[in-house]
Amino acid sequence: MTGYETVVGLEVHCELATATKLFCGCRNAFGDEPNTNVCPVCLGLPGSLPVVNRRAVELALRIGAALNCKAQRSIFHRKNYFYPDMPKDYQISQYDEPINVDGWLELPDGSRVGVERAHMEEDTGKTTHVGGGGRIHEAGYSLVDYNRAGVPLVEIVSRPDIRSAAQARAYVDELRSILVATGASDGRMEEGSLRVDANVSVRPAGATEYGTRCEVKNLNSLRSLERAIDYEVARQIELLEAGERVSQETRHWDEGDSSTHSMRSKEEANDYRYFPEPDLTPLVPDVALLTAAAEGVGAMPAERRHRLSNLLAAGSELATRRDGSTDQVVTVVDLGLDELVHGAVAAGADPRLALARAANEAAANPDAAKLLDPMAFAALLKMESSGQLSATQSKEVLAELMSKGGDPGQIARRLGYEQMDNASLGSMVDEVIAANPQEWRRYREGDDKVAQFLLGQVMKSSKGRANGKLVAEAFAFRRDA
Amino acid sequence: MTASPAPELGSLAGIAASVRAGERSARAVLAVSLDRVRELEGDLHCFNEVTVEAAEADADAVDRMVRAGLDPGPLAGVPVALKDNLCTVGIPTTCSSKILAGWLPPYDATVVSRLRDAGAVAIGKTNLDEFAMGSSTENSAFGPTRNPWDLGRVPGGSSGGSAAAVAAGMVPLAFGSDTGGSIRQPAALCGIVGVKPTYGVVSRYGLIAFASSLDQIGPFATTVADAALGLEVIAGHDPMDSTSLDRPAPSLLATLDEGVSGLRVGIVADFLSAGSECGDAVVAAAEALAAAGAKVDQVRIPELLLGLPAYYVIAPAEASSNLSRYDGVRYGLRVDGPDAETMNARTRGEGFGAEVKRRIMMGTYALSAGYYDAYYGQAQKARTLVIRAFEAAYRDFDVLLTPTTPSVAFPFGSKVDDPIEMYMCDLCSIPSSLAGHPAASVPFALSPEGLPIGVQVLAPALGEAVMMRVAASLEAAAPREARGPVTP
Amino acid sequence: MARLARLALDDDEVGRYAVQLSAILEHVDAVRRLDTADVPPTAHPFPVENVLRSDTERPSLDREVVLAQAPVAENDRFRVPRIMGEAP
């Protein structure tokens, strides 16, 4: 709606892909039999003590680095509140001294979203509500499984830099690919290893103060994230338009009726009584931790997109235009085909053509495309550029190259894609001119639109075998002669 | 009522040597210990549970090892008692609280495993003030323990059951936990030796937490040498406790008899006025050390008086969080309710005793929004001031002396209605707890009423060896009748 | 305070604790009034850092042992009465 600006900040909880939990040696696994991955520590039994998992710290630092954060000395706090899914009735979490601060995430459209912090904490157990259709308030009673209790989480808190539901979705999407690319998490929203809460507010366009925000929970998919933000923005604007105020509260997204509901918090406002966790010692990102965190981690998607774009800019004047190439770059990086493109270009292929074929034809079967030999891919692209193959023929050869492998030249010959000799091409052009005198006249008078028609006629009579570029040259030659 | 000397079981080293040599069976040593328990437990109530069958099985295992030519370890066949806040697998561990009724830990505390590995035979779980909060064991949900020196008086606390068991000669060695004085104060009141090690020297894994940044486990024994051996066995790094110091256990026995010649001993003047009998004992102790060659002087460290108020903010704050888990969901008591929140509140309301609830409320207050900086934050800074004051004092002195307690054992009921009067019991023991420093109480004198008086030896962090040397010298200078074991 | 600490207290207790807590607060007031402008807090007696364990699996407890301690268990899980509040 015009007149208002949407302001969104996201809190993303990400389960780390460690073998064991954050503070004990129990298995970190999804979907095991209930209460089988539990021990005195993660059950919070009297007398038990936590010891931090080194791998979890490394992965947290890895996420921080991928999000351009500053790694710093950090401590754990206790966040005190009673809840049956929390074995100790406090959560060990980082509070005012988190491990990663002040980063940013660049989205495919080039926009940047600030990352305030990415801190470590432990997950809670899982509660099943019995009776009342699984809803918490109507349930007869609840059952608790502590397998998830103590699983390491990193909570990534963005700054309120997001301005639309679509951008929020793009942020989570990009964040997810980073988490997967770093190996820090499997990024599965449907299994809860990625959980998103959205802080949503609106303000009159041009205002500098933020409006009152609502925290929206229970966003189980990218789709519900987008829908919930759209709904919440509309709701808040409606309130403001009616002269009412937005009250700061936590709201629950209900997929069923596609709306958010205020969560009726029964009693006291939460007072978490944070204090430094006396059972743990501070974490200092020393050389050993930082080295292990960086080990085996390649470039992040944003950097790979930049590299690919730079390649285009350097290799082809066409690519300097910010046309469809942006989407192609995103697709190619998403599918992990950027190395194929780089390889083909290094072997002499035209960057723009390599990108287009990778983003469109190769992308249709990314698994096979990843196995393509960049040299063979480059050879094919060169045949197309030089006019040896038409675009249609080149795509056919590429399809076969991906499904069966082999040498592009041999495949082209086997498919009968012999290059048309200049003589037969010339006579075909002459025939088309003779058959379409009106169009030929308009073409000679400079009507560009009719050029496509003439070209199409030649392609038709050659059954696609003619090289478009050579045909265009032939018409131009006859016009200028 | 006056106590008489008890038959001695012999030194730990003596017991272990005879068992290792096959001269005495662990089973026979155990029988002497259990006989003494049967004789006196009715009067004293030292134990929440005496685990006869488990003890017999452990003793038999020790004897089998000896017969097989294997060494059961430095505590072979030594009967020991464990404070009932140390987890023991399959044996009820209650913290003397109703809220842990029926709970069977599925694991052993690290200290318990180390004792077993050293050949010790645990005979039972001793009484304490509920969750180790108190100075008299009157806060036990299962009734108080009595002082073997005078059955009308408290044994001190919170580790009163362990102290009384050693003082009555039931066991030659027992273990307790000390947060603000819970080993040293009952040791003093029961006329035995009690040691609180440097924070991190002994693993806390399996010790049910009261105040995590202060809790330490330590030994009770009738002699300094026995306490030193007990500490050597349980000390040392444990990867299950992040706050456990990564260094080998201190070697104490090797230097125990080196004397105090040339050592600089400071009498903390600020605590001398605390109780005249106890203050006099410290002065006498200092004179004895001077006679043995130490250089003795008085020192004023007024910052140590900040310890008590700081402690009564920090300890309840940590406790309020540590005790949240007793919510009726996973183990122990549940008092039902229409919803989970009510069930939690009723379980805790009925399951905890008065002192525990008082401290939970105090701690919750000290951490709550708007009060954190004024109370918890300030108390942590006061803690820094206490540490700095100690650092300055230890530039001039190797050890410091204070009374362990402001007074001798007091009659039952005399302080229960006045929490602050009760908290004053910890005045002299708290500063080294806040600093994480080691401290030991050694019996040194008898009051005119015939009650034992303890002198406290303080040392800087990891100064256990010099501290125990001084303690051994004090022991040598003290009258024999000032220490247990005694028969009530 | 009792609600925050989740303690059900009767009126008697509430009255008694109110008196005792104010006495205790008065006693610890020396700490509150302390001038600590340049004093850092001590959370821990010893400055140890990076105490970490390796990401190696250790055996978990048997579920039977764990659930045997539960006040009420059902369907291999811990059973609690219905929960009124949402998790924060």
Side-chain angles (χ1 to χ4, degrees), chain B residues 103-104 106 199-200 213 239 242-243 245-246 306 309-310 312-313 320 324 327-334 336-346 348-350 352 354 357-358 360-362 364-365 368 374-375 377-385 387 419-420 423 434-437 461, chain C residues 1-10 13-14 16-21 23-46 48-54 58 61-62 64-73 78-85:
Chain B
W103 182 55
L104 297 176
Y199 185 85
S213 75
S242 306
T243 63
L245 296 173
D246 192 2
L306 284 172
Y312 276 98
V313 172
S320 69
S324 291
D327 59 5
V329 175
R330 291 159 298 277
Y331 45 80
L333 180 73
R334 170 181 294 189
D336 239 316
D339 53 67
E341 289 81 354
T342 310
M343 181 276 283
N344 293 156
R346 285 184 185 166
R348 295 164 59 77
E350 291 186 29
F352 289 134
K357 284 189 272 193
R358 192 151 49 223
I360 290 175
M361 303 254 280
M362 174 66 202
T364 303
Y365 181 83
S368 62
Y375 289 101
Q378 280 287 93
Q380 284 199 320
K381 292 176 177 179
R383 193 170 183 179
T384 307
L385 294 177
I387 292 172
I420 293 173
Y423 296 170
L434 289 174
H437 294 169
Chain C
M1 210 45 62
R3 205 155 62 174
L4 200 51
R6 204 156 281 182
L7 289 169
L9 302 178
D10 58 38
E13 288 177 295
V14 172
R16 201 162 57 243
Y17 287 145
V19 175
Q20 288 170 340
L21 283 183
I24 297 170
L25 286 174
E26 199 175 309
H27 182 73
V28 301
D29 208 45
V31 164
R32 198 174 59 82
R33 285 187 282 104
L34 211 56
D35 177 13
T36 54
D38 302 320
V39 183
T42 296
H44 234 278
F46 294 103
V48 184
E49 291 166 344
N50 286 354
V51 178
L52 303 166
R53 64 177 182 84
S54 73
R58 289 168 56 100
L61 293 169
D62 281 344
E64 291 63 38
V65 172
V66 169
L67 291 173
Q69 299 298 315
V72 189
F78 293 84
R79 178 173 162 163
V80 291
R82 70 197 184 115
I83 304 165
M84 301 304 285

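Excluded from the calculations below are hydrogen atoms, water molecules and symmetry mates; all remaining heavy atoms, backbone and side chain alike, are included. If you're wondering where the values come from, they're calculated on a predicted model, not measured in any experiment. Order of the sequence lines sets the chain letters (A, B, ...), proteins ahead of strands, with each chain counted from 1.
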For B:Tyr312, the side chain to side chain donor-acceptor pair (under 3.5 Å) test, sequence neighbours excluded, returns B:Asp426
Here the gap from B:Arg346 atom CZ to C:Arg6 atom CZ, rounded to the nearest 0.5 Å, amounts to 13.0 Å
When rounded to the nearest 0.5 angstrom, what is the spacing between CD in B:Glu350 and CG in C:Leu9?
-> 11.5 Å
What part of C:Arg16 gets closer than 4.5 Å to chain B, counting heavy atoms only: side chain, backbone, both or neither?
-> neither
From C:Leu25 atom CG to B:Tyr365 atom OH, the distance as rounded to the nearest 0.5 Å | 5.0 Å
By a 4.5 Å heavy-atom criterion (distance strictly below it), what part of C:Val48 contacts chain B: side chain, backbone, both, or neither?
-> side chain
Check whether B:Asp246 gets within reach of chain C through its side chain, its backbone, both or neither, counting any heavy atom under 4.5 Å.
-> neither
Heavy-atom contact with chain B under 4.5 Å, split by part of C:Asn50 | neither
Between atom CG of C:Leu67 and atom CZ of B:Arg330, what is the distance when rounded to the nearest 0.5 Å?
-> 12.5 Å
Relative to chain B, which segment of C:Leu34 carries a heavy atom at a distance below 4.5 Å: side chain, backbone, both, or neither?
-> both
Tell me, with the steps shown, if C:Ile24 and B:Tyr423 meet side-chain contact (heavy atoms from CB on, under 4.5 Å).
-> CA-CA 10 Å; C:Ile24 297 170; B:Tyr423 296 170; 3.9 Å; yes
Does any N or O in the side chain of B:Gln378 come within less than 3.5 Å of the main-chain N or O of C:Val31, such that one atom is a donor and the other an acceptor?
-> yes
Flag if over 12 foreign heavy atoms under 6.0 Å of CG, C:Asp35 = no
How far apart are the C-alpha atoms of C:Glu13 and B:Lys357, what are their side-chain angles, what is the distance that settles it, and do they pass the salt bridge (charged side-chain N to carboxylate O under 4.0 Å, His left out) test?
-> CA-CA 10 Å; C:Glu13 288 177 295; B:Lys357 284 189 272 193; 2.6 Å; yes
Strictly under 6.0 Å, is that where the ring centroids of C:His44 and B:Tyr199 end up?
-> yes
Under 4.5 Å from any heavy atom of chain B - which part of C:Arg53 | neither
Chain C contact via B:Ile387 - side chain, backbone, both or neither, heavy atoms under 4.5 Å | side chain
Main-chain N/O of C:Pro41 paired with B:Gln380 side-chain donor or acceptor, under 3.5 Å | no
Residue B:Ser320 versus chain C: region with a heavy atom under 4.5 Å = neither
Straight-line distance of B:Met362 CE to C:Gln20 CD, nearest 0.5 Å | 12.5 Å
Output the option from B:Ser213, B:Ala374, B:Gly200 having the highest count of non-hydrogen pairs under 4.5 Å with chain C.
-> B:Ala374
C:Thr36 OG1 to B:Arg383 CZ distance, which is reported to the nearest 0.5 Å = 15.5 Å
Check each atom of B:Pro106 against the heavy atoms of chain C and say whether the ones under 4.5 Å are side chain, backbone, both or neither.
-> both
